[in-house]
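One structure below.
Since the structure is predicted, the reported quantities are computational estimates derived from the model, not experimental observations.
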Amino acid sequence: MVDEAPDRGFPEDEADPWSPARRQLAEAVHRALQQEGFPGTLAEVERNLGEPPQGKGDLALPAFRWAKALHTNPPALAERLAGAIPRVPGFARISHEGGFLNAELEALPFFLSTLRMITRRGERYGSWPATGPTVLLEHTSANPTGALHVGRSRNGVLGDTYARVLKARGFPVTTEFYVDDLGRQAATLVWIWSMPPSQWPAEIRQALPSVTSTEPPPGTKPDHYYGQAYVPAFAYMRAHPEAEAEVNALANQVEQGAGDLSTYRRVPKAILEGILASLARMNIRFDRFVWESELVVDGSVHRVLERLTSSQKAHRAEDGALGVDGRPFGLPEESPFVYATRADGTHLYPARDVAYHEGKFERAGRVINVLGQDHRLHVQGLFALLDAVGEQRRPETLFYGYVNLPEGKMTTRGGRVVLLDHVLDEGRRLALVELEARRPELSSAEREEIAEKIGHSAVRYHLLRVQPDKPIVFRWEEALSFEGKSAPFLQYAHARASSLLRKGGEGNGPGPTVPSLAEAPPSWDPRESALVRSLSRLPGLVDRVAQDGSVHLLAVYGHDVAERFNEFYQSLRVLDAEPPVRHLRLALVHCARQVLANTLDLLGLEPLERM
RNA sequence: GGGCGAGUGGCUUAGCUUGGAUAGAGCACCGGAUUCCUAAUCCGGCGGCCGCGGGUUCGAAUCCCGCCUCGCCCGCCA
């Protein structure tokens with residue numbers, strides 16, 4: 001039983017409940033090690049503090065690493081350290097076992113100060129103080145040539161989540177979508193839709209018999225409507241040289257910044273709006289759009305080409321094409337050059353990409369791109385070009401694996417795709433079926449609203465829950481699972497907590513106060529302790545994920561919190577407990593709901609009051 | 001062929017950056033829990049030479065080397 005002021009060492013302005021404890025312990029251990037003749041730094045000690053197995057305390061330090069240099073053996077060193085370390089504020093016990101030094105927190109003060117931090121910071125728990133520099137994060141950037149498939153949406157889900165985490169870590173973040181309106185793909189669609197369907201070539205009309213207007217009929221999304229012409233138009237164009245020439249002429253015209261851009265962009269823009277509407281259903285939004293054609297019009301591509309031309313590192317092919325040797329950047333021997341222009345001097349994608357990045361570097365101190373793993377080599381080419389034009393700065397990249405179907409790769413032209421909108425619709429439908437069975441007392445409007453939130457959250461979570469690097473095989477039953485490792489599992493825990501707080505008379509108010517050490521029950525149920533411990537980990541996790549983009553860890557974490565909460569909920573009574581216990585448990589429920597809500601928000605998922 | 005990425009129970013997967021004390025989940029399967037705050041939940045059981053071989057180390061799923069398998073890329077396309 002603790003008998004003195006419990007809260008020293010836990011300042012009010014901390015963002016992370018663990019950092020004071022870690023720091024205090026590391027300092028004490030470091031001092032003890034120095035007495036043994038240890039030459040290393042405090043940071044080295046702190047880095048080696050790990051989490052011991054269940055039941056062996058809260059922080060552990062393996063002594064093996066330093067024993068030899070200090071002319072002793074690990075168990076002896078651990079024992080001597082344990083003996084040499086005085087009472088550390090916040091810790092109840094420092095012990096040793098084998099070659100490990102184990103430290104046990106004063107559990108109650110730690111738990112209560114964690115709960116207090118959560119109630120005090122509310123929705124800001126998990127967030128860190130503002131810091132710099134501005135981060136520019138580009139993601140999704142799907143070509144505006146049709147409706148988005150689930151594979152492309154993984155990019156958006158990853159990018160949007162990473163942006164949320166970086167913001168929470170304190171960085172000012174801007175998200176950008178690069179609209180690739182140049183090139184043959186977009187031109188093909190612009191070309192076909194520049195004619196009324198009645199004047200289309202017979203082959204295309206036959207492929208799309210129901211299409212009669214250049215405007216999507218009411219109730220049809222423009223990305224689906226305009227996009228459906230892509231496959232037949234592309235096939236026709238490939239088979240008819242005169243059509244291909246028209247498309248190329250169109251493409252070349254915009255590529256040079258000639259012609260009326262607003263006319264040209266009509267269809268790509270409409271498709272983009274459709275794509276954005278789909279993404280918005282999953283809570284993905286952008287701060288800024290950069291149209292590739294704009295970089296031509298404003299001269300930035302031209303300026304890049306001038307710099308490249310005068311660069312020592314420029315490589316001029318025999319026929320005049322301008323590029324650089326990419327081998328120092330890892331390009332293969334067989335195709336060592338990355339070209340910025342064609343032989344006729346017209347610019348290519350890599351040149352525009354350099355121009356785009358120069359703009360990004362002006363707008364932000366740190367630039368991150370979210371790209372599919374097929375872009376790895378392109379990035380090396382980009383680096384080679386940046387180097388050649390004398391640009392020192394480089395973007396960071398978060399790569400992700402593709403979403404495939406059990407039958408293989410998704411292909412738009414092969415007609416083997418699963419569209420995001422269809423997955424989202426099916427998710428909503430399945431959730432509605434569940435709700436009709438489980439929540440008949442709700443109005444149908446409420447059920448519809450909740451179903452949409454469950455459905456899109458399930459899809460988003462599914463795309464988020466594994467390491468970005470790993471490829472995903474899309475299976476409907478898995479993507480729309482509402483059990484186990486899924487968004488509804490998290491949402492359900494949140495809804496349960498919300499329900500308890502409603503019934504406990506707390507509603508959406510500031511929540512119950514955290515009891516003081518004197519008021520709190522002296523001994524806690526293991527499920528209560530496990531829950532607070534889980535809650536205490538959010539800020540540290542946000543810090544880590546912000547560093548390396550491992551956003552899946554947050555999805556894993558959310559599951560852990562929900563699981564701890566469900567275990568607590570299942571076996572312990574809250575509302576009909578005795579007053580001191582009830583008080584504490586209500587605070588616990590309030591904090592769990594808060595952390596769940598914050599984690600859900602970081603993941604871009606919807607917290608639900610009832611489901 | 002080269003480069004990059006991934007290989008963990010029947011399936012999906014966390015842990016690998018920074019080596020540490022019984023490798024943690026979900027699905028499936030088997031058994032159990034609902035007069036009680038939402039059973040989309042919980043409890044128990046089953047199931048793992050952490051791809052293979054070598055190396056470094058007091059200690060390797062984690063680091064290094066080699067091999068195998070799968071994926072992606074290797075256009076004056078984007």
Taking the side chain of A:Q373 as heavy atoms from C-beta outward, which of B:G71, B:A39, B:A78 is closest to it? B:G71
What contact category does A:R327 fall into here, base, sugar-phosphate, or nothing, at under 4.0 angstrom with non-hydrogen atoms? nothing
Quick one: label A:V574 by what it contacts on the DNA or RNA (base, sugar-phosphate, nothing), any heavy atom closer than 4.0 Å. base
Could you tell me the separation between the CD atom of A:E434 and the P atom of B:U41, rounded to a whole number of Å? 10 Å
Find the partner of B:U18: check Watson-Crick (N1-N3 plus N6-O4 or O6-N4) and G-U wobble (N1-O2, O6-N3) distances, both under 3.5 Å, and reply none if neither fits. none
Rounded to whole Å, the CD-C1' distance (A:E255 to B:C76) equals 11 Å
Check the phosphate of B:G19 against A:R65, side-chain N and O only, distance under 4.0 Å to OP1 or OP2. Yes or no? yes
Would you say A:R496 places a side-chain N or O within less than 4.0 Å of OP1 or OP2 belonging to B:A39? yes
Please tell me if A:R475 has a side-chain N or O lying less than 4.0 Å from either OP1 or OP2 of B:U12. no
A:N566, nearest nucleotide to its side chain (from B:C42, B:C72, B:A25): B:C42
Would you classify A:L435 as touching base, sugar-phosphate or nothing, given that sugar-phosphate means primed atoms plus P, OP1 and OP2, and contacts are heavy atoms under 4.0 Å? base
Side-chain N,O (A:K56) to OP1/OP2 (B:A21) below 4.0 Å: no
Check the distance between B:A78's C1' and A:L382's CG and give it to me in whole angstrom. 14 Å
Atom CD of A:E407: over 12 foreign heavy atoms under 6.0 Å: yes
Polar side-chain contact A:R573-B:C36 base: donor and acceptor under 3.5 Å: yes
Which part of the nucleic acid does A:A493 contact within heavy-atom distance under 4.0 Å: base, sugar-phosphate only, or nothing? nothing
When you get a sec, tell me which of B:A78, B:U38, B:G15 is the closest nucleotide to the side chain of A:R610? B:U38
Give the nucleotide from the list B:G15, B:C76, B:C42 with an atom nearest to the side chain of A:Q467. B:G15
OP1 or OP2 of B:U38 sitting under 4.0 Å from any side-chain N/O of A:K503? yes
Answer yes or no: side-chain N or O of A:H378 and base N or O of B:A78 forming a donor-acceptor pair under 3.5 Å. yes
Please confirm whether the shortest side-chain N or O distance from A:Q570 to OP1 or OP2 of B:C36 is below 4.0 Å. no
Sugar-phosphate only, base, or nothing, as touched by A:R184 at under 4.0 Å among non-hydrogen atoms: nothing
Report yes or no: does A:R22 contribute a side-chain atom to a donor-acceptor pair with the main-chain N or O of A:E46 at less than 3.5 Å? yes
For A:P53, report the nucleic acid contact type (base, sugar-phosphate, nothing); a contact means any heavy atom under 4.0 Å. base
Is the distance from OP1 or OP2 of B:C74 to the nearest side-chain N or O of A:S335 less than 4.0 Å? no
Would you state whether a donor and an acceptor, one from the side chain of A:D344 and one from the base of B:C76, lie under 3.5 Å apart? no
Report yes or no: is the ring centroid of A:F100 under 5.5 Å from the six-membered base ring centroid of B:A21, with the two planes under 30 degrees? yes
Euclidean distance for P, B:G48 against B:C37 (whole angstrom): 40 Å
Measuring to OP1 and OP2 of B:A78, would you say a side-chain N or O of A:R342 lies under 4.0 angstrom away? yes
Check this one for me: any side-chain N or O of A:Q185 less than 4.0 Å away from OP1 or OP2 of B:C77? no
When all nucleic acid strands are considered with a 4.0 Å heavy-atom cut-off, which category describes A:A431: base, sugar-phosphate, or nothing? nothing
Please check this pair: side chain of A:S529 against backbone of A:D525, looking for a donor-acceptor N/O pair closer than 3.5 Å. yes
Quick one: the side chain of A:R465 and the base of B:U13, do they pair up donor-acceptor inside 3.5 Å? no
Let's test your reading of the model: under 3.5 Å, does the base of B:G1 pair with the side chain of A:E334 as donor and acceptor? yes
Taking atom CD of A:E44 and atom CG of A:L42, what is their separation to the nearest 0.5 Å? 10.0 Å
If you take all heavy atoms of A:S311 and A:A388, which pair is closest and at what distance? OG-O, 2.7 Å
Does the side chain of A:K470 get closer than 4.0 angstrom to OP1 or OP2 of B:G7 through an N or O atom? yes
Which part of the nucleic acid does A:N102 contact within heavy-atom distance under 4.0 Å: base, sugar-phosphate only, or nothing? base
A:E609 atom CD is separated from B:C37 atom C1', nearest whole Å, by 16 Å
Rounding to a whole Å, what distance do you find between A:Q54:CD and B:A23:C1'? 15 Å
Under a 3.5 Å cut-off for both distances, is B:U35 Watson-Crick or wobble paired, and to whom? none
Less than 3.5 Å apart, which donor and acceptor atoms pair up between the side chains of residues 470-482 of chain A and the rest of the protein, not counting sequence neighbours?
residue	atom	partner	partner atom	Å
A:S481	OG	A:E483	N	3.3
A:S481	OG	A:E483	O	3.3

Can you check salt bridge (Lys or Arg N to Asp or Glu O under 4.0 Å) on A:R537 and A:D560, steps first, answer last? CA-CA 11 Å; A:R537 287 171 40 222; A:D560 182 70; 3.3 Å; yes
Of all heavy-atom pairs linking A:G151 and A:M410, the shortest is N-CE, 4.0 Å
Using the C1' atoms only, state how far B:C30 lies from B:U8, rounded to an integer number of Å. 24 Å
To the nearest Å, how far apart are A:L575 CG and B:C37 P? 10 Å
